Amino acid sequence: MDKDTGTGYDSTMDVSTPQSPKVRKQFPFPEIEPKWQQYWEREATFRAANPGEPGSDKPKYYALDMFPYPSGAGLHVGHPEGYTATDILCRYHRMRGFNVLHPMGWDSFGLPAEQYAVKTGQHPRVTTERNIATFRRQIKALGFSYDWDREVATTDPEYVRWTQWIFLQIYNSYFDPVAKQAMPIALLEDAISKNPTRKAEWVDNPFLAGAHLAFREARKAGETPTDEELRAYLDEHRLAFVAEAPVNWSPDLGTVLANEEVEEWTAKGHTVVRKPMRQWMLRITDYAQRLLDDLELLDWSESLKDMQRNWIGRSEGAEVRFALKDSEHEIEVFTTRPDTLFGATYMVLAPEHELVGEITTGEQRLAVEDYVRKASTKSDLDRTDLAKDKTGVFTGAYALNPVNGEEIPVWIADYVLTGYGTGAIMAVPAHDERDFEFAKKYQLPINIVVLKEIEPGDGAIPTGEMMDTAWIAEGFAVASPPDGLRYEAPDINGLKTPEAKAKITAWLEEKGLGAAHVNFKLRDWLFSRQRYWGEPFPIVWRDGQHEALPESELPVLPPEMDDFKPAGDGSPPLAKARDWVDLPDGATRETNTMPQWAGSCWYYLRYLDPKNAERFCDPEAERYWMQPHGIDLYVGGVEHAVLHLLYARFWHKVLFDLGHVSTPEPFHRLVNQGLILGEDSQKMSKSRGNVVNPDDVIADYGADALRCFEMFMGPLEQVKPWSMSGVEGLYRFLGRVWRLAMQENQEGEWTLAPAVTNEPVPDHLQPALHGAIKGVTEKLDSMSFNTAISDLMVLTNALTKEEQRPRAALETLTLLLAPFAPHLAEELWSRLGHAQSLAYEPWPAFDEKWLAVDEVELVVQVNGKVRAKLKAPAEADQSALETLARESDQVASWLDGKTVVKTIVVPGKLVNLVVK
RNA sequence: GCCCGAGUGGUGGAAUUGGUAGACACACGGGACUUAAAAUCCCGAGGAGCGUGAGUUCCGUGCGGGUUCGAGUCCCGCCUCGGGCACCA
């Protein structure tokens, strides 16, 4: 799921380890790390119990990492950051008695392996398998507590089967506008058929009943729909559909891209142009409102929610129809400001608008056609780059403003986008910056109809020519209509913007001229790619119509080929495999493939039941792990804020609507780990030479030190620079912990230190011990890993000072450390005399009695400045503390010759004497 | 331009509801051990001033105001950096 997928295939695969400093190891991590990794694997320590298996009676905890795209470059230190955070919480939850699901897998379809295949002829599957092996080895070397029995790869044929199966669920559904959810297309088909057989299932649904009636009336009128018409009606409603639309086409990649992906690839230097093509789309726009509303259910950062909200881009307003002078056509526009209708002085159509050809007058035709042609060859980038300088051409046509009947000119301009709203606007230059700029340039009238305040008195309205910028905020309606004039439209003068909007909209609705309307920025998801290394669509074409393959035909795997080159004309590589494409019965296979996002849209569900051959996931397993509100913790990079996270939510909602999953949202709590920068505070990149390879770090300092350092660097969500001396610091800390209990003999063997005693923990150590238990526990609960480690250091420093090291105290420290440095902790636990792994040892509990102190430090302030620090009994009451403070020698000089006018006492903490 | 987030020592970062600013580390300096070094252990440290000294005073959380007995924390106005969106009507 990495965005950074375009690198690495030309790099060598061997991971070279620089000469480690020939220094004595602080602790024998090169022996104990592989030892415990093998132990955990052999004992299946981290196998998660599905319902019915021993251990499934515990409460569940599902922590998910964003699975990686196994690139040729191998793991970098950014990967283990999020993985370590989830691993720590998983190990912690096991010790707290949870049945923990912590899986890992591979997002293994993707363009780099295919590009490598084009260059070298090596099959993408070979490349992919090799890269997965590298990633698996590297990840295992970090000692994460994954249940490897649940490993999945999106390229596995059995995984592809269910990705395609889910696609068919989407294909065989429509979005019901009444129920506001996906429903089986079979219901709609039944409703419009001549002899419905499932009426009981849909008769109460106004949408289906309405469709039924419409087709019945048509039949009564003798307009019996043909099979093609019925079919076309259904295809128009499917959640997966084929559309001819301007798409993002990259000639050098040889494929189309989703809107969300364009920036990523252009940033890498690829060209992306708009081009009309026939492509598969998914109707994510139907879910726009639910995707927006259900963000409220989620425990995500507000900034991440905001990114999704902005991407979905909901705006409320009205659609208004403008009649055209001397034409039967109408222009429909969307506006968020129907209150400014009296200020609409011209209209603008997008150059691609379907009416442009129809309404252009003879003398304007040449200029308009020229403009349209130029606009069509401009890429989106050109269009936005030239944003500052607005251009346009008058069509020669006039529209009639519905509120006052005025004739206003109709222009075309490329600042109006074809993909948003209706592709046409009413221009209100006084109250919209773009319209203002355009009107200034082409000397179109600017009529002010909103003022910030209404002046008492004569109320003369300033003229638009006096404005140097548009007033786009709300205010009070004026000149709507202008003084002395009356129109059929209501007078909204003096109304505040919201009321003015409501009144005008109501009138438009009443007159049939328009209606309140909600618009979204979100576009439907362009779902097909012209690639080889992706899931083929389980679709065949017959007589120009698409049809689904039966489930028994799944999985549909890409054919064996040795030429992976895209044709360059937009036809996919698969089209060249004629034997595969042409079926004996005359049908042909769909040759597009699905985007890489398809596999990552549901992998978290396959983990729940990865070996199931009957279903994508057993319903009982789904309920067990996903109830009550989905995945307990999902950690990954913020780069997926509007890609993977939006797509996966959409698929999940479709599956939810169809009854295949039990929660409306998949990822209840989501945390974005911050980027790790190079030691130079620059983004890590091969060209800068500041990339840190985790293998090197493990070789020199061990996996535990790497894990601990990544957590100690700073808050998980923060961007932070790498520091090799920082790793060394954590390495030394782990060495100190080790040597609390161990010492090295003449032969270089580590044995239990004689300082380790079986005496009970002395009272003077108890506050440090229980303070650490409390601190680490609370900080794990709040995911404040850096301060949790700091608490462990404080306890370690306290124990280091002790001559005698009580075994009980060392055991507690070992358990607290275990989630962070599991190899070291397991080894210490074993050396302290335990035969079993500590993975399921109960988490230490603290006793408040050791945290209560009987003497506190009392801060005495005079006028808010600290003047003394005194010892005071913890139970002293306010007046006692005040007396103590006033009588203190250190304070006396500050009170000399002054009068105390006020005293503030914070019990147990501070006394502030206010003097004059 | 719009929407978020963040500015704390030489560095990474700590600081419940406003209540001792700088926890814990890194880097640095000093000491112990060592023939020496590495490793380890101990000690020091926000800045400025005064004092031989134990100490002590002032300043200090991007800048300017404000609220409060008391502000890193709350309010208003700026500046800088980072992220997202970007002609979305």
Side-chain angles (χ1 to χ4, degrees), chain A residues 21-26 263 301-311 313-315 317 333-337 340 348 350 383-384 386-388 390 413-417 419-428 431-435 437-438 472 519-523 638-639 641-642 672 674-675 681 709 712-715 717-730 732-733 735-736 739 775 778 784 786-794 796-797 800-801 857-869 900-906 908-915:
Chain A
K22 276 281 167 227
V23 295
R24 215 184 66 201
K25 302 284 190 230
Q26 299 250 346
E263 192 272 331
S301 70
E302 274 307 305
S303 66
L304 183 60
K305 288 186 185 181
D306 270 343
M307 282 165 76
Q308 291 225 343
R309 288 188 192 111
N310 292 339
W311 195 265
R314 183 183 195 275
S315 3
V333 302
F334 172 73
T335 176
T336 55
R337 295 295 299 273
T340 62
V348 186
R383 267 167 88 149
T384 47
L386 298 169
K388 289 142 241 158
K390 297 211 172 12
D414 65 5
Y415 82 89
V416 174
L417 308 174
Y420 183 77
T422 60
I425 61 158
M426 63 176 213
V428 185
H431 306 293
D432 181 280
E433 276 174 28
R434 298 146 300 177
D435 297 345
E437 198 186 320
F438 193 79
I472 56 170
N519 229 329
F520 294 95
K521 280 202 269 189
L522 187 68
R523 303 269 70 87
V638 75
E639 66 271 20
V642 288
N672 291 125
L675 199 65
S681 291
F709 173 67
F712 189 68
M713 290 168 84
E717 299 189 55
Q718 195 164 303
V719 179
K720 41 211 178 282
W722 184 261
S723 159
M724 209 52 98
S725 53
V727 182
E728 206 170 320
L730 271 293
R732 285 203 293 260
F733 160 65
R736 283 202 301 280
R739 289 190 307 271
E778 287 176 354
S784 180
N786 54 332
T787 54
I789 291 175
S790 148
D791 283 353
L792 290 168
M793 289 173 168
V794 171
T796 302
N797 292 344
T800 304
K801 290 189 173 74
E857 190 180 54
L858 180 72
V859 172
V860 184
Q861 296 182 337
V862 179
N863 286 348
K865 290 194 191 297
V866 180
R867 296 303 181 193
K869 293 172 186 183
V900 176
V901 293
K902 192 172 177 185
T903 306
I904 289 103
V905 180
V906 182
K909 277 222 167 104
L910 146 163
V911 175
N912 189 9
L913 303 169
V914 185
V915 298

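Just so it is clear, the model here is predicted, and its values are computed rather than measured.
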Next item on the list: Ignoring hydrogens and angles, answer whether the base of B:rC69 and the side-chain atoms of A:N912 contain a donor-acceptor pair closer than 3.5 Å.
Entry: yes
Rounding to an integer number of Å, can you tell me how far [X] [atom1] sits from [N] [atom2]?
X: A:M724; N: B:rC26; atom1: CE; atom2: C1'; result: 14 Å
X: A:L910; N: B:rA21; atom1: CG; atom2: P; result: 10 Å
X: A:D432; N: B:rA89; atom1: CG; atom2: C1'; result: 6 Å
X: A:K720; N: B:rA14; atom1: NZ; atom2: C1'; result: 15 Å
X: A:N672; N: B:rA6; atom1: CG; atom2: P; result: 15 Å
X: A:Y415; N: B:rC87; atom1: OH; atom2: P; result: 13 Å
X: A:Y420; N: B:rC85; atom1: OH; atom2: P; result: 17 Å
X: A:M307; N: B:rC4; atom1: CE; atom2: P; result: 14 Å

Remember a base hit wins even if backbone is also touched, and classify [X] as base, sugar-phosphate or nothing at under 4.0 Å, heavy atoms.
X: A:R309; result: nothing
X: A:G729; result: sugar-phosphate
X: A:S301; result: nothing
X: A:N797; result: sugar-phosphate
X: A:V906; result: base
X: A:V859; result: base
X: A:E433; result: nothing

Paired nucleotide for [N] [Watson-Crick or G-U wobble; both distances under 3.5 Å]:
N: B:rG64; answer: B:rC76
N: B:rA23; answer: none
N: B:rG5; answer: B:rC81
N: B:rA45; answer: none
N: B:rA71; answer: none

Considering only atom [atom1], compute the distance from [N] to [M] and round it to an integer number of Å.
N: B:rA23; M: B:rA38; atom1: C1'; value: 30 Å
N: B:rC75; M: B:rG18; atom1: P; value: 11 Å
N: B:rG72; M: B:rU16; atom1: C1'; value: 15 Å
N: B:rC69; M: B:rG77; atom1: P; value: 24 Å
N: B:rG47; M: B:rG22; atom1: C1'; value: 13 Å
N: B:rG10; M: B:rG82; atom1: C1'; value: 23 Å
N: B:rU67; M: B:rU73; atom1: C1'; value: 14 Å
N: B:rU56; M: B:rC4; atom1: C1'; value: 47 Å

Next item on the list: Indicate whether any N or O donor in one side chain lies under 3.5 Å from an N or O acceptor in the other, for A:Q26 and A:R736.
Entry: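 No, because no side-chain N or O of A:Q26 sits under 3.5 Å from a partner of the opposite role on A:R736.
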Checklist line | Aromatic ring pairing A:W722/A:F709, orientation class (parallel under 30°, perpendicular over 60°, tilted between) | finding: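 The rings of A:W722 and A:F709 stand perpendicular, inter-plane angle above 60°.
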Look at [X] and [N] and indicate whether a side-chain polar atom (N or O) is within less than 4.0 Å of OP1 or OP2.
X: A:R732; N: B:rC26; result: yes
X: A:Q26; N: B:rA39; result: no
X: A:K909; N: B:rG19; result: no

Margin query: Checking one value: the base orientation of B:rG9, syn if chi is within 90 degrees of 0, otherwise anti.
Written below: syn
Note to self: Using a 3.5 Å distance criterion without hydrogens, assess whether the side chain of A:N519 forms a donor-acceptor pair with backbone atoms of A:S315.
What the structure shows: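 Not at all, since once roles are kept as given, no pair shorter than 3.5 Å links the two residues.
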Next item on the list: Using atom types as modelled and distance alone, determine if a side-chain donor or acceptor of A:K720 lies under 3.5 Å from a backbone N or O of A:P715.
Entry: yes
When you get a sec, tell me which of [options] is the closest nucleotide to the side chain of [X]?
X: A:D306; options: B:rC3, B:rC87, B:rU40; value: B:rC3
X: A:K390; options: B:rG19, B:rC85, B:rC87; value: B:rC87
X: A:S790; options: B:rU20, B:rA25, B:rA23; value: B:rA23
X: A:I425; options: B:rC4, B:rA89, B:rC69; value: B:rA89
X: A:S315; options: B:rU16, B:rC24, B:rA89; value: B:rA89
X: A:W311; options: B:rA25, B:rC85, B:rA89; value: B:rC85
X: A:N786; options: B:rC3, B:rC41, B:rG13; value: B:rG13
X: A:Q718; options: B:rU16, B:rC3, B:rG13; value: B:rG13
X: A:V866; options: B:rU20, B:rA89, B:rG13; value: B:rU20
X: A:R739; options: B:rC87, B:rU40, B:rG12; value: B:rU40

How long is the span from the [atom1] atom in [X] to the [atom2] atom in [Y], to the nearest 0.5 Å?
X: A:K390; Y: A:D435; atom1: NZ; atom2: CG; result: 9.0 Å
X: A:M713; Y: A:S723; atom1: CE; atom2: OG; result: 8.0 Å
X: A:N310; Y: A:L522; atom1: CG; atom2: CG; result: 12.5 Å

Taking the side chain as everything from C-beta on, heavy atoms only, tell me whether [X] gets closer than 4.5 Å to [Y].
X: A:M793; Y: A:F712; value: yes
X: A:N863; Y: A:V914; value: yes
X: A:I425; Y: A:D432; value: no
X: A:R309; Y: A:E302; value: yes
X: A:Q861; Y: A:V866; value: yes

For nucleotides 58-62 of chain B, give me every protein contact, N/O to N/O, under 3.5 Å, one pair per line with atom names.
unit_1: B:rC58; atom_1: OP1; unit_2: A:R867; atom_2: NH2; d: 3.4
unit_1: B:rC58; atom_1: OP2; unit_2: A:R867; atom_2: NH1; d: 3.2

Check: Taking for each residue the nucleotide of RNA chain B with the nearest heavy atom, is it A:T335 or A:N863 whose nucleotide lies nearer the 5' end?
Finding: A:N863
Checklist line | Upstream residue (5' side of RNA chain B) when A:E302 and A:G864 are each assigned their closest nucleotide | finding: A:E302
